[in-house]
Engineer: 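The structure under discussion is supplied below as structure tokens; questions concerning it will follow.
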Amino acid sequence: MPELPEVEALADFLAEHVVGRTVERVLPLAVSVLKTYDPPLDALEGRPVTAVRRHGKFLDLATDGGPHLVFHLARAGWLRWHDRLPDAPPRPGKGPLALRLRLAGGAGFDLTEAGTQKRLAVHCVRRPDDVPGVARLGPDPLAPAFTFDAFAALLAGERRRVKGVLRDQSVLAGIGNAYSDEILHAARMSPFKLAASLTPQETAVLYEAVGTTLRGAVERARGHAAGELKAEKKSGLRVHGRTGQPCPVCGDTVREVSYRDSSLQYCPTCQTGGKPLADRRLSRLLK
């Protein structure tokens, strides 16, 4: 799933390629993709794009005097840019294509989604906050207002594991499964640790890890074309998706805890005092 760094890079890429250009056609091709009906998609047509912004993991294309096109790529969605789209309209229901946006002059992009779980979501709205997922977002961890005191206040009283807190979009906007693993590895902290149990020093270490991990990933992603971002993300990860490989910090073997539809990765030496984490059903360290 694209997370904050990749979505930030996509926003930069789209801003460079679409701002100032006029939307010619927006064509939904998958039944499940469009989540709104008022205003209609054709209200975007004939309007110049004035800005591209990121809200957590959502991308927002604003048009001059008109609606916003807000979309979330979910787990298996992606954006494919074309300097020249085919002249013939695509056929609905064929392949992974979910939506096509064509600009005046022939350039544009496709939103695609692989697999059978169709979660890619497109909204045509008057304001970004009209999208429920945007309205409930917590603070952006890269915003200037996201201070240590603000972070500590978010964790106070949280009886959940710190991994789940970092991934909760209503607490922090934009962090998902991959970067929460990376942040906790950088902080040398167990993903099963309760957020409310953190000492002030541990909170400070975690706050620093959030900022350095995300800013580093944004810098690595910046300047890459949309088609290069998946590979760039994977190459920069130290523990996530690297089960069985050596930790780049200490050399211990990266371990995994599996869930029904996801998994987390961590280094026992760096994060759990050398002890492997138990299965999720036990929810404690093996003894």
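Just so you know, these numbers come straight off a predicted model, no measurement behind them.
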Engineer: Tell me, with the steps shown, if Glu24 and Thr22 meet side-chain hydrogen bond (donor to acceptor under 3.5 Å, both in side chains).
Structural biologist: CA-CA 6 Å; Glu24 183 177 284; Thr22 299; over 6 Å; no
Engineer: Would you say Pro90 and Asp110 make side-chain contact, with heavy atoms under 4.5 Å?
Structural biologist: no
Engineer: Kindly give the heavy-atom pair with the smallest separation between Thr50 and Val19, and that separation in Å.
Structural biologist: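 In this case the closest contact between Thr50 and Val19 is O-CG1, 3.7 Å.
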Engineer: Please evaluate residues Glu158 and Val171 with respect to the criterion side chain to side chain contact (heavy atoms under 4.5 Å, CB included), reporting the C-alpha separation (whole Å), side-chain torsions for both, the decisive distance (0.1 Å), and the verdict.
Structural biologist: CA-CA 10 Å; Glu158 271 285 0; Val171 176; 4.1 Å; yes
Engineer: Can any side-chain N or O of Gln169 pair as donor or acceptor with the backbone N or O of Gly174 at less than 3.5 Å?
Structural biologist: yes
Engineer: Tell me if a side-chain donor or acceptor on Lys233 pairs with a main-chain N or O of Ala221 at a distance below 3.5 Å.
Structural biologist: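 Checking the backbone N and O of Ala221 against the side chain of Lys233, no donor-acceptor pair under 3.5 Å is found.
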Engineer: For Val7 versus Phe58, what's the shortest heavy-atom pair and its separation?
Structural biologist: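 Heavy atoms only, the tightest pair is CG1-O, 4.0 Å.
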Engineer: Hey, is the main chain of Ala204 close enough, under 3.5 Å, to the side chain of Glu208 for a donor-acceptor pair?
Structural biologist: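 No.
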Engineer: I want to check something: taking the side chain as every heavy atom from C-beta on, are Leu111 and Val33 in contact at a cut-off of under 4.5 Å?
Structural biologist: no
Engineer: Counting only N and O atoms by type, is there a donor-acceptor contact under 3.5 Å from the side chain of Ser263 to the main-chain atoms of Tyr259?
Structural biologist: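 Between the backbone of Tyr259 and the side chain of Ser263 there is no qualifying donor-acceptor contact (under 3.5 Å).
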Engineer: Charged N to carboxylate O under 4.0 angstrom, Asp181 versus Arg238?
Structural biologist: no
Engineer: Are any of the side-chain heavy atoms of Cys267 and Arg242 separated by less than 4.5 Å?
Structural biologist: no
Engineer: Can you tell me how far apart OH (Tyr179) and NE2 (His240) are? Round to the nearest 0.5 Å.
Structural biologist: 9.5 Å
Engineer: Looking only at heavy atoms, which two atoms of Met189 and Glu202 are closest? And how far apart?
Structural biologist: CE-O, 3.8 Å
Engineer: Tell me whether Leu97 shares a hydrophobic cluster with Leu101, the cluster being built from Ile, Leu, Val, Met, Phe, Trp, Tyr side chains joined at under 4.5 Å.
Structural biologist: no
Engineer: Could you check whether atom CZ of Arg222 has more than 12 heavy atoms from other residues, nucleotides or ligands sitting under 6.0 Å from it?
Structural biologist: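 More than 12 heavy atoms, drawn from other residues, nucleotides or ligands, come within 6.0 Å of this atom.
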Engineer: On a heavy-atom basis, which atom in Arg161 and which in Pro191 lie closest, and how many Å separate them?
Structural biologist: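 Taking every non-hydrogen atom into account, CB-O, 3.4 Å.
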Engineer: I need the minimum non-hydrogen distance between Ala173 and Pro141, along with the two atoms involved.
Structural biologist: O-CD, 3.1 Å
Engineer: List the steps and the verdict of side chain to side chain contact (heavy atoms under 4.5 Å, CB included) for Glu113 and Arg119.
Structural biologist: CA-CA 8 Å; Glu113 186 171 26; Arg119 298 177 179 174; 4.0 Å; yes
Engineer: Run the salt-bridge test on Arg47 and Asp64 with the 4.0 Å N-O cut-off and return the result as yes or no.
Structural biologist: no
Engineer: Check Gly108 against Leu85 and note the closest heavy-atom contact, atom names and distance.
Structural biologist: CA-CD1, 3.8 Å
Engineer: Whether Asp87 and Arg102 form a salt bridge (side-chain N of Lys/Arg under 4.0 Å from carboxylate O of Asp/Glu) is what I want to check.
Structural biologist: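 Judged by the 4.0 Å cut-off on N to carboxylate O distance, Arg102 and Asp87 do form a salt bridge.
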Engineer: Begin with the C-alpha distance, continue with both residues' side-chain angles, and end with the deciding distance and a verdict on side chain to side chain contact (heavy atoms under 4.5 Å, CB included) for Ser262 and Arg75.
Structural biologist: CA-CA 11 Å; Ser262 67; Arg75 175 171 292 184; 4.2 Å; yes
Engineer: Just by modelled atom types, is the Val254 backbone N or O under 3.5 Å from a matching donor or acceptor in the Gln245 side chain?
Structural biologist: no
Engineer: Nearest 0.5 Å please: distance from the NE2 atom of His55 over to the CG atom of Asp140.
Structural biologist: 10.5 Å
Engineer: Do Val205 and Val162 belong to the same hydrophobic cluster, where Ile, Leu, Val, Met, Phe, Trp and Tyr are linked whenever their side-chain heavy atoms lie under 4.5 Å apart, directly or via other members?
Structural biologist: no
Engineer: Indicate if Leu166 and Leu142 have the same hydrophobic cluster label, given that clusters are the connected sets of ILVMFWY residues with side-chain heavy-atom separations under 4.5 angstrom.
Structural biologist: yes
Engineer: Determine whether Arg255 and Tyr266 make a side-chain contact, defined as any pair of heavy atoms from C-beta on separated by less than 4.5 Å.
Structural biologist: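 They are in side-chain contact.
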Engineer: Drop me the distance from Thr63's OG1 to Leu69's CG, to the nearest 0.5 angstrom.
Structural biologist: 9.0 Å
Engineer: Could you give the distance from CD (Glu3) to CD (Glu182), rounded to the nearest 0.5 Å?
Structural biologist: 9.5 Å
Engineer: Is Trp78 reaching over with its side chain to a backbone N or O of Gly227, donor-acceptor style, under 3.5 angstrom?
Structural biologist: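 The answer is no, because no donor-acceptor pair under 3.5 Å joins these two groups.
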Engineer: Are Leu10 and Leu4 linked, directly or through intermediate hydrophobic residues, by side-chain heavy-atom contacts shorter than 4.5 Å (ILVMFWY only)?
Structural biologist: no
Engineer: Kindly say whether His123 contributes a backbone atom to a donor-acceptor pair with the side chain of Thr36 at under 3.5 angstrom?
Structural biologist: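 No, the answer is negative, given that no donor and acceptor are paired below the 3.5 Å cut-off.
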Engineer: Evaluate the side chain to side chain contact (heavy atoms under 4.5 Å, CB included) criterion for residues Cys270 and Asp252: first the C-alpha distance (whole Å), next the side-chain angles of each, then the deciding distance (0.1 Å), finally the verdict.
Structural biologist: CA-CA 8 Å; Cys270 290; Asp252 194 1; over 6 Å; no
Engineer: Do any N or O atoms from the side chain of Gln265 and from the backbone of Gly241 form a donor-acceptor pair under 3.5 angstrom?
Structural biologist: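 A pair under 3.5 Å: yes.
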Engineer: Taking the inter-plane angle between the rings of Phe13 and Trp81 on a 0 to 90° scale, is it parallel (under 30°), tilted (30 to 60°) or perpendicular (over 60°)?
Structural biologist: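 Correct class here is perpendicular.
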Engineer: Is the shortest heavy-atom distance from the side chain of Leu79 to the side chain of Phe71 under 4.5 Å?
Structural biologist: yes
Engineer: So do the side chains of Leu44 and Cys124 get within less than 4.5 Å of each other, counting heavy atoms only?
Structural biologist: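 Yes, at least one pair of side-chain atoms sits under 4.5 Å.
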Engineer: Flag the pair Leu29 / Arg91 as yes when at least one side-chain heavy-atom distance between them is below 4.5 Å, and no otherwise.
Structural biologist: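 The answer is no, as the side chains (C-beta and beyond) never meet within the 4.5 Å cut-off.
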Engineer: For Gly223, is there any backbone N or O sitting under 3.5 Å from a side-chain donor or acceptor partner on Asp12?
Structural biologist: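 Judged by distance alone, no pair lies under 3.5 Å.
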Engineer: Mind checking whether Leu184 and Ile175 sit in one hydrophobic cluster, side chains of I, L, V, M, F, W, Y counted as touching below 4.5 Å?
Structural biologist: yes
Engineer: Counting only heavy atoms not in Lys234, do more than 12 sit closer than 6.0 Å to its NZ atom?
Structural biologist: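 No, because the 6.0 Å sphere around NZ of Lys234 holds 12 heavy atoms or fewer from other groups.
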Engineer: First locate atom NZ of Lys57, then atom CG of Leu137, and finally report the distance between them rounded to the nearest 0.5 Å.
Structural biologist: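 With rounding to 0.5 Å, NZ (Lys57) is 10.0 Å from CG (Leu137).
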Engineer: Kindly compute the distance separating CG (Leu120) from CG (Leu73), expressed to the nearest 0.5 Å.
Structural biologist: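 Leu120 CG to Leu73 CG: 5.5 Å, rounded to 0.5 Å.
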Engineer: Any idea how Phe146 and Tyr207 line up, ring-wise: parallel (<30°), tilted (30 to 60°), or perpendicular (>60°)?
Structural biologist: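 Phe146 vs Tyr207 ring planes: tilted.
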Engineer: When you measure from the side chain of Arg167 to the backbone N and O of Lys163, does any donor-acceptor pair fall under 3.5 Å?
Structural biologist: no
Engineer: Going by heavy atoms in the side chains, are Leu206 and Lys193 under 4.5 Å from each other?
Structural biologist: no
